[in-house]
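Data block below; observations after.
Since we're looking at a predicted model, the values are computed, not measured. Within every chain, numbering begins at 1; the chains are lettered A, B, ... in the order of the sequence lines, protein sequences first and strands thereafter.
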There are 2 protein chains.
Amino acid sequence: MTRYRPIKAKLRKDKSATAERGNRVRSAYQQLRELIVHGRLAPGSRIIEADLSHRLGVSRTPVRDALRWLQQEGFVAGNSRTGVKSRLVVAPLTKEDARELYWIVGRIEGLAARKAAELEPSARAALAKRLRTLSDRLRGMARTGRRDPKRVFELDRSFHRNIVEASAGPRLLALHNAIQPQAERYWRLYASAIVDQLATSVAEHARIIRAIAGGDGDAAEHGVEVNWQNGAQRLGSVIDTLGERGSW
Amino acid sequence: MTRYRPIKAKLRKDKSATAERGNRVRSAYQQLRELIVHGRLAPGSRIIEADLSHRLGVSRTPVRDALRWLQQEGFVAGNSRTGVKSRLVVAPLTKEDARELYWIVGRIEGLAARKAAELEPSARAALAKRLRTLSDRLRGMARTGRRDPKRVFELDRSFHRNIVEASAGPRLLALHNAIQPQAERYWRLYASAIVDQLATSVAEHARIIRAIAGGDGDAAEHGVEVNWQNGAQRLGSVIDTLGERGSW
DNA sequence: CTTCGGAAAATTGTATGCTAAATTGTATAC
DNA sequence: GTATACAATTTAGCATACAATTTTCCGAAG
C-alpha cells in the first residue's frame, strides 16, 4: 500500500488553507457526498476506506467518520448479503427506494410548509413573494422550453429550501438537510426527462404559494405533500422508461 | 490517563463473549443510548470521549463512531456556544424541542399508518386485531387506575411499533427507529404525570384502529398525527407544571 | 474583588500499526 | 467440469501515539 503523509507538511506552513484542524471530517464528508450524488461513485459499488482516504489525501480516520455519517443518512449502506454484516456500498438507486424517499421528504417538508403558513402575516408575505419569484422563473423556463436541467434543479431546490428555512426548527431543518439531498440523486439521474413535465410541477407550486400567503396551514402542508407524491410518480414513470440505472 | 487494555486478553480466550470483533461500535452505541434515554447521562452535560471509552472498556475509536451516530440521530448535540464548534453534549430536553420532535414523529408514523391502512384486507385485519389487544390492555390500566408507567409505556410503544413494522419500507423503518426513541426520553421524564391522561390517548387509538381496519388511509394518517400532536400538548402542560428538568 | 495573561491540563483531531475477518484465488479430489 | 478445502490477499475494526486546540487555573495587576 502506498505510504502517504499527505497534507500535513503543507498544513503547518499554510495556516490559511481551507483544511484547518477539525475540517478534515467535514471536508471528506462533503467531497464524498458530492461524489455519490453526482454518480462518480457508482450506486452499489463497494466502498474501500483506504482507497477513499488516499483519494482525498487524508488518513482513514476522518474518512471513517464521514462514512458513518453518510451511512446514517442513507447515502451509503451495509452490504446486506445474507448473514454477512457491515461491508459498505454506495446506496443503490431503485424505484422502490425512490418512492419511499419522496413520500418521506413530502411529509417532512409538508410539516415545514404548515409552519410557514402559520407564521405572522408579514413573514408569510415576504416568503410568498420570494417563492413567487422563483416559481415565475421556473414557469418561464417551462414556457420557453429552454432545456437547462441544472438551472431548473437549482430553482426548484431553492423553492423548497426557502419554505423550510423560513419556518423549521433545528430538528426539522436537520432532518430536511439529511434527507432532501438524497432525492437529488434521483433527480440528477433522470433530470432531462423530468424537465419535460415541468409545467405540472409549477402549477402545484402555485397552490402552495397561495396557501402560505393565505395562512392556510392545512392546504400548505397538503400542497407540498402532493407535489412530492406527484414527483415520485413522475420519476417512477421515467424510471420505467429508462430502466433503473444501477450502474453508470 | 488510565492505561487500559481491557477486553482484548479476555477476548482471545473467551470466544463466546458477547463482544466479538465488530460489535464494539454497536455495543457502545446501545449502551450510550441507554444511558442517555434513562437520564444517567444528564441532558446538557458535556461528553468526554475518554471518559466514556474508559467507562465502556473500549478505546476511543468505537466510542467516537457511536457518538457520531448518536449525534446524527439527535441524542447528542454540538455545544453551540458562540463561535466554538463541535464540542459534544448530551442533547438537552426542552419544551420547544419536545414539541418539534413530537410533530415529526407524528408525520413519520402517520405515513406508516397510511401504508398500513392500504395493506391487503387480511393483513389489515390481522394488524387491527393485534392493535386492539394492546389498546384494550391500556384501556384496562386506565380504568383501574393502576399506576405502572413502565408497563404503560411498553404497551403504548408496542402499539405504535406494530403499525410501523407492519407496513413501512426500510427507509421509513430506519427513520422511525432513529427518531421515536428520542420521544422516549421525554416520556420517561414525565411518565407518572402523563399516565393520568391515559384515557384520552386510548380513545385516540380507537380511531386509528378503526381507520386501519376500514382501509381508510387518510383517516389513519390523520389519526396518528393527531395522537402525537395531542401527546405533545399533554407533555407540554406537564412540563409547564413541573418545569424543564434540564438536569437530573 | 475583578480581570487579564499565560502556563498547565484536558480534550479532541488525526495518523497509523496490528490483528481478525472476509474475500478471492488456486489446487486437488471427485 | 464442478465442488471443496485451503492458502494468500484484502479490508475493516480497534487501540494507541501524538499533535493541535481549548479550557482551566493561578497569580499578578488594576
Reading DNA chain C from 5' onward, which residue's closest nucleotide shows up sooner: A:Arg46 or A:Val25? A:Val25

Counting just side-chain N and O atoms, does A:Arg24 come under 4.0 Å of either OP1 or OP2 of C:dA15? yes

To the nearest angstrom, how far is A:Leu56 atom CG from C:dA15 atom C1'? 15 Å

Round to a whole Å and report the spacing from CD of A:Glu49 to C1' of D:dG13. 8 Å

Can a side-chain donor-acceptor contact be found between A:Gln180 and A:His160 if the only test is distance below 3.5 angstrom? no

Write down the distance between OH (B:Tyr29) and P (D:dG13), rounded to a whole number of angstrom. 17 Å

4.5 Å side-chain heavy-atom contact, B:Ile108 and A:Ile108: yes

Rounding to an integer number of Å, can you tell me how far A:Arg60 CZ sits from C:dC18 C1'? 11 Å

Without decimals, in angstroms, what is the distance between A:Asn23 CG and D:dA20 P? 15 Å

Any non-hydrogen side-chain atom of A:Arg107 less than 4.5 Å from a side-chain atom of A:Trp228? no

Using a cut-off of strictly less than 4.0 Å between a heavy atom of the residue and any atom of DNA chain C, enumerate the qualifying residues of residues 61-71 of chain A by number. A:Thr61, A:Pro62

Would you say B:Arg68 and B:Gln71 make side-chain contact, with heavy atoms under 4.5 Å? yes

Atom pair distance, as rounded to whole Å: CG in B:Leu88 and P in D:dT22: 15 Å

So, under a plain 3.5 Å distance rule, would you say the side chain of A:Arg26 forms a donor-acceptor pair with the base of C:dG13? no

A:Ile48 CD1 to D:dA12 C1', straight-line distance once rounded to whole Å: 11 Å

Under the salt bridge (Lys or Arg N to Asp or Glu O under 4.0 Å) test, which residues partner A:Arg114, sequence neighbours left out? A:Glu118, A:Asp218, A:Glu221

Tell me whether the rings of A:Tyr186 and A:Tyr102 are parallel (<30°), tilted (30 to 60°) or perpendicular (>60°). perpendicular

